[in-house]
Every structure is written in C-alpha cells, then in structure tokens.
Amino acid sequence: MGTGAAPPTSMAVDGSTNGYAAAAVTVSSAGEQKQLDAGALFVLKSKGSWLHCGYHLTTSIVAPALLSLPFAFASLGWAPGVLFLVIGAAVTFYSYNLLSLVLEHHAQLGRRQLRFRDMAHDILGPRWGRFYIGPIQFSVCFGAVIGAALLGGQSMKSIYLIARPDGMMKLYEFVVIFGAFMLILAQIPSFHSLRHINLISLMLCLAYSACATAGSIHAGHSSTAPPRDYSLPSDSQDRVFGVFNAIAIVATTFGNGIIPEIQATAAPPVTGKMFKGLCLCYTIVVMTFFSVAISGYWAFGNRAQGSITANFILQDGSVLVPKWFLMMTNVFVLLQLAAVGVVYLQPTNEVLEGLFADPTKDQYSSRNVVPRLIFRSLSIVIATLIAAMLPFFGDLNAVIGAFGFLPLDFTVPSVLYNITFKPSRRSFIFWLNAAIAAVFSLLAVLGSISAVRQVILDAKTYKLFADI
C-alpha cells in the first residue's frame, strides 16, 4: 500500500470545534486559512478527556460480537484459539497506538486530522482517501449499524420467547421496534455527547460478559448439558476454511475502524490521551474476551453456536440456566447494542452534516436541526429495513469485516506509521510493521474468500424477511 504514496499535504483540519464559523479555521503549512466543514465542526467536537476516549473505544470494540468467540474457538481448537486471541489483542493495541501517534504527530505540525479519510488524503494521497479508506470505512461502519439493528431485534425476540414461548411475533417486527429506539438515540448531536451513554455501555458489556461466563460454567456442570467434544472437522477443506473464517471472526471482534474519529473528540492537546483510553479499553477487553471465549468453549466445545447465549437453550426448549438469568443477559446485550449502533453511525452523521448543514449557522438553528433530523432518521430507517429484509446479514457482514476491518485496523496503521516517521529499513519497528501489513493483508484476502464461500453455502436458506 505504501508504493506510489504522495507526501503529506497541507489539507487538514483543526480539532478546536467549540465555536462556530469564527472558530472553524485552521492554519495549513502554507499559512492559508481553511474553514471546517459542518461534519467536523458539529459531530466531531473536540471537548473530551482520555476517559471519554476510553468509553468510546470500549463501546466500539467490546460489543456483543464477543459472544461469538467460543464459536471461533470451535474451528480453531484450544491452543490456536487462545493464541489468535492473544495475537488479536496485541496487534490491535499496537496498531491503534500507531494510528494515535501518527495523528498526534500531524496535530503537533498544525495539521490535526479528524477523520480516517483525512489521514489517507494527507499521507497516502487524495485518491486513497476518496476511493479506498473512505468507502471501506463507511461500509464497515454502516454494516455495523445494520448488524446492531438485526442483533437488537434477535435479542428482543429471545426475551419475548422466554416470556411467551408460544408467541407469534416475527423477527422483523422486533427489528423495527429496535430500529425505532435507535432512531431516537441517533438524534444525539455529537460524538462527544455520547460519553455518558458509552460509560453505561462499558458497564453493560461487563455485565453480560460476566453473565455469559457464569452461565457457561453453570451449564458445563449441569447434568442435562450436551456432551463436550473438542474435535475439529474431519474434512480437510472444511477445516481450512473454518480456520480462516474463525480468524476473520476474531479479527472483526477486535475491529474498530473509527480510531481517528474517536481521537478527534479529545480536547487539545491530545498527546497521550488515546494511549490512556486504550489502556482502559484493553483492560476491559482482557476481562471480557478471554473469560467468555474460554468458558464458552469449555462448556460446549465444537457445539458452540454463533452467540454463546444460544447454547443455554436446548433443542427441546429447556434451558441450562434460570430463565430470569437468560432474560437479564439478553436485556444487557440489547441495551448495549443501541449504544454500539449509534457509535458506528457517527461517520455517517459526519458525512451527512458535511453535505447538508451550514457551518456558518448555529448547530441548533432550524437551518441545521431540520436536515439533521431528516437525514439521520433516514439513515436509521435504511439500516433497519436492510436488517429486517436480510436476517442472514451476519454472513454478509463477515465479508465486510474481512474486507474492511482487517485492512483498516491491522494493515493500514503500520503503513501510515512507516510513511509518516520513515523508520530506518534496518530497524526492528520497520520490519515489524511491514510484517504485520503483509501477513494481515494476506489474511484479509483469505478471510474474504472464506466468508464469501460461507455466503454461497448458506444462500439456499436465504429468504427475505425470514423469521429466524
């Protein structure tokens, strides 16, 4: 990716967004003043502390997707499963710090970058930002919004069926209900305004991870639990593709894709704030990812399902944990999904504000409030409609994750760091970054192939508005 890269340009934006048009300027290296667009000015307000960055990071990374980690272990086995989980944590923590250092470097030069595509524009060249980083980030983030709407509907349906086993409501009805809830939260004006919601989200992820771990341990000791089998698929082709699919699941679970936008919420000076936020986030990551993955795989082996909570319900309708416990776990998941969906909506909000808002007017003037209400609502309606129509979107999201999260979170940071700081080709850090970029580029290709193969295999079961 580094070949043919353009040197850093002077197109950048300042992080101070407390004022409006008068403050919406930055000084480029040529001394020219440029005005911030409404997306940067209104959505990416730079007012937060390192704690707020930690809350945003935790919500974007420690999401209900972690409940699928035992399923990934089922294709990897014990030792490779734990190994890839450790590698995923170490490499993403390292990569996110690389991105933060690059952002801090450009901020110190007076060219603070608030968006991922700004970084690509400045460091790799305008085409990289417009035709690669921007579209991939948008696809990944809006895909996460659709996935949150779908998983929220599934959680609501699970709660409904626990309370009313003979209930007749369909999945798409619950998706619509959850979408309406997300539509309300989507009107929160800026990323920084989500800090209190994301603190609650942090506590919710700890709660449902503790429930999943405790439930797995309880189920594992239950006399009615299915026998545990840790064997891998006997067919070599299925085993190979299963491994690549599992690696893509692990990588996507650690995925973020919005590190620059999160760092943009920090008040200047930004130096060191993201590192502290990442330390907070990865403390939560270690507490949740490893406990859920290990306990879930221990309890259910290769029978682990896409979400470990589904294993708590047997085929005959009986449950391995108390019903109130299962309902409580689903409520925690449901509530955090709303926060996750709104966090990943922020890049879309920023683009919409940039297109339709007027930065010379007050953020809460009717000129800006009306289009904000219309277009944010429309984006949630579209996401909800897709989630309701395509309840198998998880398969498609695996393709998006492999094609998007792996490059954005594993490959691109190393490339941006090497181009920005130009470490010696004899240095360890240069070759470490080059190795990470090369290995995870290959894994992105293999993961994408495996995810597409799974879509093809499952295509015969696809049905619009299916009740699954």
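For reference, positions follow the sequence shown, starting with 1. Any value given below was found using the heavy atoms of this structure, including those in side chains, with hydrogens, waters and symmetry copies removed.
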(request) Say whether D409 and N256, considering side chains only, have a donor N or O and an acceptor N or O under 3.5 Å apart. (result) no
(request) Take the angle between the ring planes of W128 and Y132 and call it parallel below 30°, perpendicular above 60°, tilted in between. (result) perpendicular
(request) May I ask you to decide if L416's main-chain N or O and T420's side chain share a donor-acceptor pair within less than 3.5 Å? (result) yes
(request) Output every pair passing ring pair (Phe, Tyr, Trp, His ring centres under 6.0 Å) with a member in residues 75-99, not counting sequence neighbours, ordered by first then second residue. (result) W78-Y230, W78-Y297, F93-Y282
(message) Do Q336 and T59 pair up side chain to side chain, a donor and an acceptor below 3.5 Å, judged on atom types alone?
(response) no
(message) Quick one about Q137 and E261 (side-chain donor to acceptor, distance below 3.5 Å, no hydrogens or angles considered), yes or no?
(response) yes
(request) Apply the test ring pair (Phe, Tyr, Trp, His ring centres under 6.0 Å) to residues F405 and F254: give CA-CA distance (whole Å), side-chain angles for both, the deciding distance (0.1 Å), then the verdict. (result) CA-CA 9 Å; F405 276 126; F254 281 104; over 10 Å; no
(message) Under a 3.5 Å threshold, yes or no: a donor from one side chain and an acceptor from the other, between S216 and T213?
(response) no
(request) Could you walk me through whether F289 and V62 pass the side-chain contact (heavy atoms from CB on, under 4.5 Å) test, one step at a time? (result) CA-CA 8 Å; F289 282 37; V62 190; 4.1 Å; yes
(message) Under 4.0 Å between a side-chain nitrogen and a carboxylate oxygen: does that hold for K361 and D358?
(response) no
(request) Fit a plane to each ring of H52 and Y55, take the angle between them on a 0 to 90° scale, and name the class: parallel (under 30°), tilted (30 to 60°) or perpendicular (over 60°). (result) tilted
(message) Going by the rule ring pair (Phe, Tyr, Trp, His ring centres under 6.0 Å), which residues pair with F356 if we only count those two or more places apart in sequence or in a different chain?
(response) F375
(message) Tell me which pairs pass ring pair (Phe, Tyr, Trp, His ring centres under 6.0 Å) where either residue lies in residues 426-457, with sequence neighbours left out.
(response) F410-F440
(message) Given 3.5 Å as the limit, does a donor-acceptor pair link the side chain of T265 with the main chain of I262, or not?
(response) yes
(message) Any non-hydrogen side-chain atom of Q363 less than 4.5 Å from a side-chain atom of P189?
(response) yes
(message) One thing to verify: whether D238 and R453 come together as a salt bridge, which I'm taking to mean a side-chain N less than 4.0 angstrom from a carboxylate O.
(response) yes
(message) Tell me whether S291 contacts the main-chain N or O of T288 through its side chain, where contact means a donor paired with an acceptor under 3.5 Å.
(response) yes
